Structure formats: C-alpha cells, structure tokens
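Only one structure is covered here, and it is reproduced in the block below.
Values reported hereafter were calculated over all heavy atoms of this structure, with side chains retained and with hydrogens, waters and symmetry mates removed. So you know, we letter chains A, B, ... as the sequences are listed, proteins then strands, and number each from 1. Here the structure is a predicted model, which is why all the values come from computation and not from measurement.
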Amino acid sequence: MGLILLVDMDSFFASCEQLKRPELKDKAFVVGTGVESRKEKSVVQTASYAARKFGIHSAMPFSMALKLKPDIIYLPSDDKFYEQTSEKIVGLLKSYRMKMEVMSIDEMALDSGTEDYPSARMIAEAIKSRISNEIGLQCTIGISTSVVYAKMVCDAFKPNRIGIVKRAELKAFLADKDVIEILGVGGKTKEKLNKMGITKVSELAKVPATRLVDSFGRFGAELSRIAKGEDETGVVEGAPAISIGRETTLDKETDDINEVAGVMARLAKEAIEELGKRKLWYRNVASKARYTDFTLRTKARRLSNYTDSYETALNTSTELLRDLLSNGKVRKVGIRLSEFSRQSGQAKL
DNA sequence: CAATCGCTTCACT
DNA sequence: CTAACGAGTGAAGCGATTG
C-alpha cells in the first residue's frame with residue numbers, strides 16, 4: 001500500500017448548484033431535503049460557505065437555519081445532477097489507474113502506489129487542477145499513510161487545499177484532536193468515551209486496547225490502533241452493496257395503507273431501478289415506519305428465492321407496512337432491499 | 001454454541 | 001439554558017432463536 005489520497009469535494013451539493021446557477025456564487029443558501037413547498041420540515045444537506053458563516057451546517061433543521069438567517073435561500077436537492085457530476089469526477093480519477101474506493105457521492109480514496117511524499121503531492125496537484133478545470137469544482141485532498149488518516153487530514157485542511165501529514169508527523173497531528181474527529185466516531189461513541197474520561201486522541205492512545213475492546217467490541221481495537229498512529233486501513237475497490245433502500249416523509253401523517261400505496265409504489269420502483277443498475281437480485285425486503293412520536297420501527301421478510309421483481313418488492317413491503325401501521329399514525333415510510341445475489345439464481349453472496 | 005434472523009442503533013451527508 | 005428541531009442512505013451491532 002502506498003500513500004493514500006483522499007479527495008473530498010468542498011460543499012459538494014451547494015457547489016453543484018452554483019455550477020448550474022453561477023449567480024449563486026457568494027450567496028448564503030442551503031440545499032435541503034424535500035421539495036420547496038415542504039422546506040419547513042426539511043433538513044440542511046449542505047450549506048454554502050456564505051451560509052456557514054451564520055452557523056448553518058449539515059443536518060441542521062431548516063427551521064433553525066431560518067432563525068439564524070431569515071432571508072436564507074432554500075434549494076431543493078437535485079440528486080440526479082449531483083449523481084451525474086459525481087460520475088464525471090469518478091471517471092476523471094479512474095484515468096489515473098490507481099486503486100480507488102468511492103466512499104460516498106463526494107468522496108474518493110486513491111492508493112497512489114508511492115511512499116514518496118513529493119510524488120504524492122504532485123499527483124494531488126494534478127488531480128486538483130483537473131477537477132477545477134474540467135468539472136469546475138473545488139476539492140480538498142488529504143494525504144497520509146491510511147484512509148482514516150487521509151480523511152482526518154482532509155478535514156483539517158478544508159477547504160480548497162492539499163494537506164499532507166507524514167508518518168513521522170502523525171502522532172503530533174493526532175494528539176490534540178478531539179475523539180469526534182476520528183472516522184467512525186459519532187455523538188454516541190464520543191459521549192461514551194467522555195464518560196470514560198477520554199476527550200482527546202492522545203488520551204485514547206494511553207488506554208489499554210483491552211479496555212476499549214470491552215466497551216466497543218471490534219471497533220475498540222480499531223480505535224486503539226488509530227489513536228496510536230498504527231492504522232493501516234487501505235483502499236478497498238468496489239466493495240459490494242449490502243442493502244439498497246428508499247424512504248420519504250409523507251405530506252400528511254396517516255395509518256391508512258391506501259393513503260401510502262402510491263408512495264410505496266414510487267419507493268419500490270426507485271429501489272428496484274437502483275438494484276437493476278448494479279445488476280443485483282434481492283432476497284430480503286424490509287419496511288420502515290417513523291411514527292408521529294418519532295419512534296422508528298422496521299419489519300422484514302426473507303423470500304424463498306432471489307428475485308428482481310418490482311411486484312414482489314411492492315407487495316411484500318406493503319404487507320409489512322400494513323402491519324406497522326396497526327401501531328399508529330406514521331410521518332415517514334421506507335423500503336429496503338438486501339441479501340443480494342449477482343444476477344439470477346442461486347449464486348451465494 | 002455458533003450461525004442466522006429480525007430488528008435497532010449509529011454514523012454520515 | 002436546555003429541549004426541540006428532525007431527511008435520507010447505508011452498515012454494524014445485538015438479542016433471540018435455532019439446528
């Protein structure tokens with residue numbers, strides 16, 4: 001494994017919108033989930049940099065963004081366009097013929113194949129200028145000895161820069177970081193660590209690995225390695241999907257299966273389309289419901305055979321949802337397909 | 001008692 | 001000042017069940 005380059009697009013969705021509408025440049029706006037008419041019930045997916053100055057950020061309810069900046073511009077998410085743009089970027093990166101992992105719609109990890117820092121920097125500079133010239137977007141590239149560290153370097157250098165942290169500098173780089181900055185550590189894990197008296201990565205490094213394994217299982221061992229600068233997570237090419245799902249919030253809360261039939265049909269159709277793109281068959285269908293009190297429940301069924309049938313997906317998910325609706329009114333419904341087989345028949349996972 | 005099932009929790013964006 | 005605000009996608013974790 002060579003040095004890892006982690007390419008992360010800067011405020012990707014917002015920047016895509018600026019590509020479509022250059023007049024948005026320097027404007028404070030957000031790209032939110034859901035259509036314009038339902039923006040009060042939506043969440044910020046990406047805030048433009050001008051909007052971030054007001055404290056607006058991803059995952060923030062749009063209602064709160066409005067309080068921070070009453071004249072903030074709202075744009076509904078144009079997923080198709082972001083997807084197309086992402087594919088262009090992936091295509092551009094593929095031309096470098098390095099091992100690549102598409103981590104998400106706006107994030108790709110590359111194995112440079114070289115241990116030489118100046119060489120890695122030159123590659124990163126070339127990539128960065130090509131993305132700028134050919135796509136018209138800015139990105140940040142983090143370079144380090146593993147995917148996890150490259151990601152953390154990328155975050156530290158955002159936006160619009162190339163950051164390098166060499167093996168010898170890793171300890172110092174990690175030491176003063178808060179544990180929340182570790183890839184895979186979210187709010188819950190941070191709280192648990194804090195209760196153990198651990199706030200900084202340097203403190204995490206001093207805790208015996210066995211203690212972390214006791215509290216966090218497999219992830220505990222990984223946490224320990226990361227904290228000590230010993231992580232060696234490499235680029236995994238083309239990791240297969242484990243599940244494909246679609247969900248949406250309803251216009252009106254209901255416990256009537258007939259009122260959500262149309263919505264389920266659309267979700268099932270979209271999920272099956274995605275499945276078809278990846279040439280997969282499924283054997284498990286799950287339905288999901290978020291109730292008015294915000295509790296979440298799912299119900300799943302395994303089929304006797306692999307299939308790519310839309311009707312089976314719709315009929316099964318509707319049946320499962322009917323069950324979920326007997327518990328009360330719901331605000332959101334979803335479908336998820338899993339347990340895949342490549343194309344037809346009996347092939348094992 | 002390990003594998004599997006059905007479901008919940010967690011981490012991102 | 002704390003609680004409330006609250007979309008969508010995906011993987012991992014976990015307790016109960018089972019062969």
Side-chain angles (χ1 to χ4, degrees), chain A residues 8-16 30-35 38-47 52 56-68 74 76-77 79 82-83 86 102-107 148 151 154-155 158 179-193 213 215-220 222-223 236 239-251 253 263 267 270-271 274-275 278 283-303 320 323-324 327 330-340 349:
Chain A
D8 193 325
M9 303 306 298
D10 296 337
S11 60
F12 184 55
F13 292 0
S15 302
C16 282
V30 303
V31 176
T33 54
V35 294
R38 230 180 38 213
K39 62 185 173 190
E40 288 78 12
K41 296 230 166 178
S42 84
V43 164
V44 175
Q45 293 199 80
T46 309
R52 291 180 196 198
I56 299 168
H57 56 79
S58 291
M60 174 182 277
F62 181 67
S63 56
M64 188 182 284
L66 263 183
K67 283 177 192 157
L68 291 168
Y74 181 92
S77 185
D79 297 342
Y82 311 149
E83 193 58 53
S86 176
V102 178
M103 316 270 298
S104 71
I105 193 165
D106 77 333
E107 204 176 300
V148 171
K151 170 67 178 162
C154 192
D155 289 342
K158 227 153 222 312
V179 290
I180 192 95
E181 298 186 49
I182 296 173
L183 187 61
V185 174
K188 301 287 173 159
T189 308
K190 176 189 161 65
E191 275 312 304
K192 229 165 129 183
L193 285 168
V213 172
S215 302
F216 301 98
R218 245 176 99 168
F219 184 53
E222 173 64 9
L223 269 180
V236 180
I242 289 175
S243 72
I244 292 171
R246 288 293 180 270
E247 59 191 65
T248 192
T249 300
L250 305 170
D251 291 330
E253 298 175 343
V263 173
L267 296 177
E270 287 182 11
E274 184 64 35
L275 201 75
R278 305 189 193 207
R283 199 178 66 170
N284 193 293
V285 181
S287 285
K288 168 172 174 173
R290 191 180 288 280
Y291 295 92
T292 48
D293 68 353
F294 235 73
T295 55
L296 194 62
R297 290 195 54 180
T298 59
K299 200 155 173 59
R301 178 181 303 163
R302 182 194 287 247
L303 311 172
L320 293 166
D323 224 44
L324 292 169
N327 298 312
V330 300
R331 71 192 327 274
K332 170 199 255 190
V333 296
I335 180 176
R336 183 157 293 275
L337 307 174
S338 60
E339 295 180 22
F340 300 140
L349 295 179

Which part of the nucleic acid, if any, lies within contact of [X], taking any heavy atom under 4.0 Å across all strands shown: a base, the sugar-phosphate backbone alone, or nothing?
X: A/Arg336; answer: base
X: A/Arg290; answer: nothing
X: A/Phe294; answer: base
X: A/Ala59; answer: base
X: A/Gly32; answer: nothing
X: A/Ser243; answer: sugar-phosphate
X: A/Val44; answer: nothing
X: A/Ser77; answer: nothing
X: A/Leu183; answer: sugar-phosphate
X: A/Thr46; answer: nothing

Could you tell me the separation between the [atom1] atom of [X] and the [atom2] atom of [N], rounded to a whole number of Å?
X: A/Phe12; N: B/dC12; atom1: CZ; atom2: C1'; result: 16 Å
X: A/Tyr291; N: B/dC7; atom1: OH; atom2: C1'; result: 13 Å
X: A/Met103; N: B/dA11; atom1: CE; atom2: P; result: 16 Å
X: A/Glu339; N: B/dC7; atom1: CD; atom2: P; result: 12 Å
X: A/Asn327; N: B/dC7; atom1: CG; atom2: P; result: 12 Å
X: A/Ile182; N: B/dC12; atom1: CD1; atom2: P; result: 10 Å
X: A/Arg301; N: B/dT4; atom1: CZ; atom2: P; result: 22 Å

*5'-most contact on DNA chain C: A/Gln45 or A/Lys192, nearest heavy atom basis?*
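Checking each residue's closest nucleotide, the 5'-ward one belongs to A/Gln45.
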*Taking for each residue the nucleotide of DNA chain C with the nearest heavy atom, is it A/Glu247 or A/Met60 whose nucleotide lies nearer the 5' end?*
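Counting from the 5' end, the first nearest nucleotide belongs to A/Met60.
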*Kindly assign one of parallel, tilted or perpendicular to the pair A/Tyr82 and A/Phe13, based on the angle between their ring planes and the thresholds 30° and 60°.*
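Parallel.
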*Could you check A/Arg297, A/Glu253, A/Lys332 and say which one makes a side chain to side chain contact (heavy atoms under 4.5 Å, CB included) with A/Tyr291?*
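Of all the options given, the one that passes is A/Arg297.
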*asked:* Please report the distance separating the C1' of C/dG6 from the corresponding atom of B/dC10, rounded so that it comes out in whole Å.
replied: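 Their C1' atoms lie roughly 16 Å apart.
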*Pick the C1' atom in C/dC5 and in C/dC1, then give their distance to the nearest Å.*
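Comparing C1' positions in C/dC5 and C/dC1 gives a spacing of 16 Å.
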*With A/Leu68, which residues qualify under side-chain contact (heavy atoms from CB on, under 4.5 Å), at least two apart?*
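Partners of A/Leu68 by the side-chain contact (heavy atoms from CB on, under 4.5 Å) criterion, ordered by chain and then number, come out as A/Ile56, A/Met60.
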Are any of the side-chain heavy atoms of [X] and [Y] separated by less than 4.5 Å?
X: A/Leu337; Y: A/Val285; answer: yes
X: A/Glu181; Y: A/Asp155; answer: no
X: A/Cys154; Y: A/Glu107; answer: no
X: A/Lys288; Y: A/Leu324; answer: no

_Does a side-chain N or O of A/Lys299 approach OP1 or OP2 of B/dG6 to a distance below 4.0 Å, or not?_
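So the side chain of A/Lys299 is outside the cut-off, no N or O lying under 4.0 Å from OP1 or OP2 of B/dG6.
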*Please check the phosphate of B/dT13 (OP1 and OP2 only) for any side-chain N or O of A/Lys151 closer than 4.0 Å.*
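Result: yes.
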*Any salt bridge between A/Arg290 and A/Glu247, counting N to O under 4.0 Å?*
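A/Glu247 and A/Arg290: not salt-bridged.
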_I'd like the 5' and 3' limits of the part of DNA chain C contacted by chain A, with heavy-atom contacts below 4.0 Å._
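The protein-touched segment is C/dA4 to C/dA12.
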